[in-house]
Amino acid sequence: MTNEVSPPDPAAGDPVANFQEALRLQRLGRLDEAEVLYRAILATSPVDPHCLLNLGHILKARGELETALSLWRTSVTNNPGHAPAFVAAGKVLNMQGRVAEAVRAFDAALAISPQDVDALNCRGNALARIGRLPDAVASYDGALAVDPHYGLAVMNRANTLGALRRPEEAVAGYRQALRLGLQNPEMLGAKLFQQMQICDWSDHAEASAQIAQRIGEGAPADLPFTFLAHSDDPAAQLACAQIHARGRFPVPPPPLWNREAYRHEKIRVAYVSADFYTHATAHLIAGLFERHDTSRFEITSYALGPSIEDDKRQRIRAAVYEFHDVASLSDLEIARRIRAAEVDIVVDLKGYTTHCRPGIFAHRPAPIQISYLGFPATMGVDFMDYLLADSHVIPAGSERFYSEQIIRLPHSYQVNDRRGEVGPPPLTRAQAGLPADGFVFASFNANYKLTPQVFDVWMRLLRQVEGSVLWLLHTNDAVVRNLRREAHARGVSPDRLIFAPRAPLDEHLARHRLADLFVDSLPISAHTTASDALWAGLPLVTCVGRSFASRVAAGLLHAVGLPELITESLEAYEALALALATHPERLADLKARLAAQIKGAPLFDTDLSRRHIEAAYAIAWQRQQRGEPPAAFDVPA
């Protein structure tokens with residue numbers, strides 16, 4: 001005896017009744033029974049568009065994407081005026097990373113039904129994914145011209161405006177979507193993140209608490225990267241990543257690497273990133289590529305896009321054995337290329353950041369898969385074996401907050417590429433809008449890293465240090481308005497906030513020398529921004545939190561020999577910054593020590609970092625060659 005439910009008998013000669021019953025069963029989630037009825041109809045009407053469409057949706061729900069696509073191809077071939085099959089196919093193609101094909105499918109649907117808001121919205125999503133952001137906005141606008149209350153298009157338009165660095169408009173869009181009653185849980189985090197881009201803290205405490213509560217309940221509420229900006233709880237970060245991963249990969253794809261043994265003369269390492277151009281990641285890692293030991297390692301890179309042929313990209317292209325531009329390929333196609341190349345170790349430099357493609361690694365194209373540098377947290381998945389870190393960003397006892405096995409490098413996990421002296425400031429203090437004699441606190445972190453709690457500390461420092469100013473980055477006018485308003489509310493004259501315009505990297509590094517002290521942010525500390533400041537000779541005061549993202553600057557300070565600039569609480573952080581601002585001899589000693597130590601510091605020794613990273617790869621590879629599972633280890637100094 002079994003508990004299986006027998007499928008219904010097709011109603012002989014009544015396809016309409018069969019279809020209605022199949023549709024009812026499908027809506028109830030009784031997919032096997034619905035499939036029997038759809039196939040009964042197709043046995044006599046093999047190109048019925050509605051049966052092909054719905055049967056394809058059942059197969060899609062099971063993860064049988066290629067079979068679903070074949071049904072929809074049959075439908076559009078035989079029913080050229082039936083737009084829904086084009087839309088369904090486009091959604092799956094976009095899910096697979098076959099974005100150009102997806103756009104063509106949506107275009108075909110719109111040629112039949114130009115006011116199909118679903119097709120217009122999905123077309124916008126596909127265009128946004130390949131970087132055609134203005135075109136994506138236009139597609140969403142087309143959907144909203146048909147239906148101004150179509151919440152999905154309102155939300156997706158807001159997402160795209162955020163990517164276009166139009167955060168004020170993005171926030172307005174999210175607020176409109178909420179007014180329309182759109183129930184998209186991750187929109188809560190998206191809205192808060194765009195508010196943080198403009199330092200709009202009007203509901204920061206309430207929104208972050210609501211998101212944390214939902215994550216604690218196991219419900220999606222934020223993306224793993226944007227969650228870092230307002231959560232310092234590594235357990236919550238793990239939960240957020242796991243929730244996101246379950247939604248993104250509900251059905252794990254079959255692995256491409258099935259434990260085959262590779263025996264290569266050199267260890268084959270492939271780096272995968274969308275940031276092989278003038279970007280913070282390339283800024284840090286280009287020198288590593290140039291220094292890899294090519295007698296032991298065969299280094300390749302897979303560029304996901306955007307395809308910007310600048311000096312950084314050319315350096316990386318010249319340094320590696322093979323450079324593959326795969327931005328136009330699907331996740332599966334890229335994974336198949338990596339598998340066909342018999343890559344031993346694939347290194348993901350993106351994690352869950354912009355233009356990430358975790359689906360590549362979900363296909364398990366390589367025996368060893370490592371997360372490194374781009375995403376300072378766990379990915380919450382079982383297909384990433386290792387995370388490269390150090391003992392400062394992930395101290396002993398914190399391993400339980402990471403789904404990956406932890407490889408600790410001996411000094412700093414952050415590799416640096418420093419190729420020359422920092423020149424003199426391009427401007428005088430007066431030309432930069434700074435006081436000639438007043439103390440200059442600087443924080444050149446991205447605006448989303450600024451929080452009201454840390455800003456409170458900064459404003460108290462300005463009130464206590466007469467004539468001092470706070471020097472920040474000018475990224476948009478809303479930041480200037482909002483932060484000056486926040487300063488006034490805390491009893492500080494708004495003109496004591498000075499905003500530096502964007503500048504070329506060499507000029508930006510040089511102007512650090514106009515400042516006196518870098519004050520860090522929390523819960524995301526300075527990362528590349530911290531190593532920039534230290535390389536330029538500017539001391540940095542940081543406050544460590546509990547998470548990887550909050551502890552990076554502390555690790556960098558250890559790696560330049562200045563651990564006394566690390567504090568454990570905001571009270572201690574404020575006290576140390578105040579002491580340095582009011583004791584010039586103490587600050588001068590720190591600057592002299594930093595200048596004397598900088599060139600020999602492990603943080604800026606690219607070749608030393610290269611040797612440690614290669615040792616990490618070799619140890620992981622040796623374990624795999626012995627048939628041992630991934631396990632945490634420390635790389636010896």
Side-chain angles (χ1 to χ4, degrees), residues 266-267 269 271 273 280-299 301 312 315-316 318-321 345 347 349 368 370-374 376 386-395 406-422 509 525-540 542 548 551-563 565-566 593-622 632-637:
K266 301 177 184 180
I267 300 175
V269 180
Y271 290 92
S273 180
T281 298
H283 175 52
L284 293 174
I285 208 167
L288 172 66
F289 292 148
E290 292 171 336
R291 289 170 174 79
H292 265 308
D293 182 353
T294 57
S295 70
R296 299 172 58 218
F297 296 89
E298 182 179 287
I299 306 298
S301 59
K312 278 286 193 296
R315 277 184 64 193
I316 294 169
V320 299
Y321 177 70
I345 300 172
V347 183
L349 298 174
I368 302 167
I370 298 177
S371 177
Y372 178 50
L373 196 62
Y386 293 103
L387 172 61
L388 277 186
D390 60 54
S391 62
H392 305 293
V393 295
I394 303 182
I406 307 304
I407 301 175
R408 290 188 177 90
L409 302 177
H411 297 295
S412 171
Y413 86 100
Q414 188 192 87
V415 65
N416 268 270
D417 174 32
R418 303 294 168 172
R419 306 186 88 198
E421 300 289 340
V422 177
L509 288 173
S525 72
H527 295 184
T528 308
T529 316
S531 49
D532 283 348
L534 294 170
W535 180 247
L538 181 61
L540 176 148
T542 193
F548 186 144
R551 303 177 66 88
V552 171
L556 305 185
L557 285 167
H558 275 288
V560 294
L562 294 177
L565 293 178
I566 303 166
R593 285 175 53 203
L594 179 58
Q597 294 166 188
I598 201 73
K599 289 185 179 179
L603 178 61
F604 298 114
D605 188 336
T606 309
D607 203 57
L608 179 66
S609 295
R610 185 267 305 172
R611 294 197 297 274
H612 292 153
I613 290 168
E614 289 180 349
Y617 294 163
I619 294 169
W621 177 81
Q622 288 160 5
F633 61 87
D634 292 357
V635 174

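Worth saying up front: this structure is predicted, and the values here are computed from it rather than measured.
Of the possible polar contacts, one joining the Lys266 side chain to the Thr294 backbone as a donor-acceptor pair under 3.5 Å is found. Listed for the Arg315 side chain is no donor-acceptor partner under 3.5 Å among the backbone atoms of Phe289. With Arg418 contributing its side chain and Leu603 its backbone, the two residues share no donor-acceptor pair below 3.5 Å. Checking side-chain atoms of Glu614 against main-chain N and O of Asp293 turns up a donor-acceptor pair under 3.5 Å. A distance-only check finds a donor-acceptor pair linking the side chain of Ser525 to the backbone of Ala553 [under 3.5 Å]. For the pair Asn416 (side chain) and Phe604 (backbone), a donor-acceptor distance under 3.5 Å is absent.
Side-chain contact between Ile370 and Tyr617 is present, with at least one heavy-atom pair separated by less than 4.5 Å. Within the 4.5 Å cutoff, the side chain of Tyr271 has no heavy atoms near those of the Ile316 side chain. Side-chain contact between Arg291 and Ile613: absent, with no pair of heavy atoms (C-beta onward) separated by less than 4.5 Å.
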Problem set entry | Stepwise side-chain contact (heavy atoms from CB on, under 4.5 Å) check, Leu373 with Leu388 | CA-CA 8 Å; Leu373 196 62; Leu388 277 186; over 6 Å; no
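By the 4.0 Å N-to-carboxylate-O rule, Glu290 lies too far from Arg610 to be salt-bridged with it.
The distance from atom CD of Glu421 to atom CD1 of Ile598, rounded to the nearest 0.5 Å, is 10.5 Å. Atom OG1 of Thr529 and atom CG of Leu556 lie 10.0 Å apart (nearest 0.5 Å). Of the inter-residue distances, the one linking Leu387 atom CG with Tyr372 atom OH reads 10.5 Å to the nearest 0.5 angstrom.
Using cut-offs of 30° and 60° on the angle between ring planes, the pair His411 and His612 is tilted. A tilted orientation is assigned to the rings of Phe297 and His292, their planes being inclined by 30° to 60°.
Leu409 and Ala616 make their closest contact through CD2-CB, 4.1 Å (heavy atoms, listed as atom of the first residue, atom of the second, distance). Of all non-hydrogen atoms in Val552 and Val393, the two that sit nearest each other are CA-CG1, 3.8 Å.
Within a 6.0 Å radius of NZ in Lys599, other residues, nucleotides and ligands contribute 12 heavy atoms or fewer. By the neighbour-count criterion of 12 heavy atoms within 6.0 Å, atom OH of Tyr321 is sparsely surrounded, having that number or fewer from other residues, nucleotides or ligands.
Put simply, the residue from His558, Arg408, Arg551 that forms a side-chain contact (heavy atoms from CB on, under 4.5 Å) with His392 is His558.
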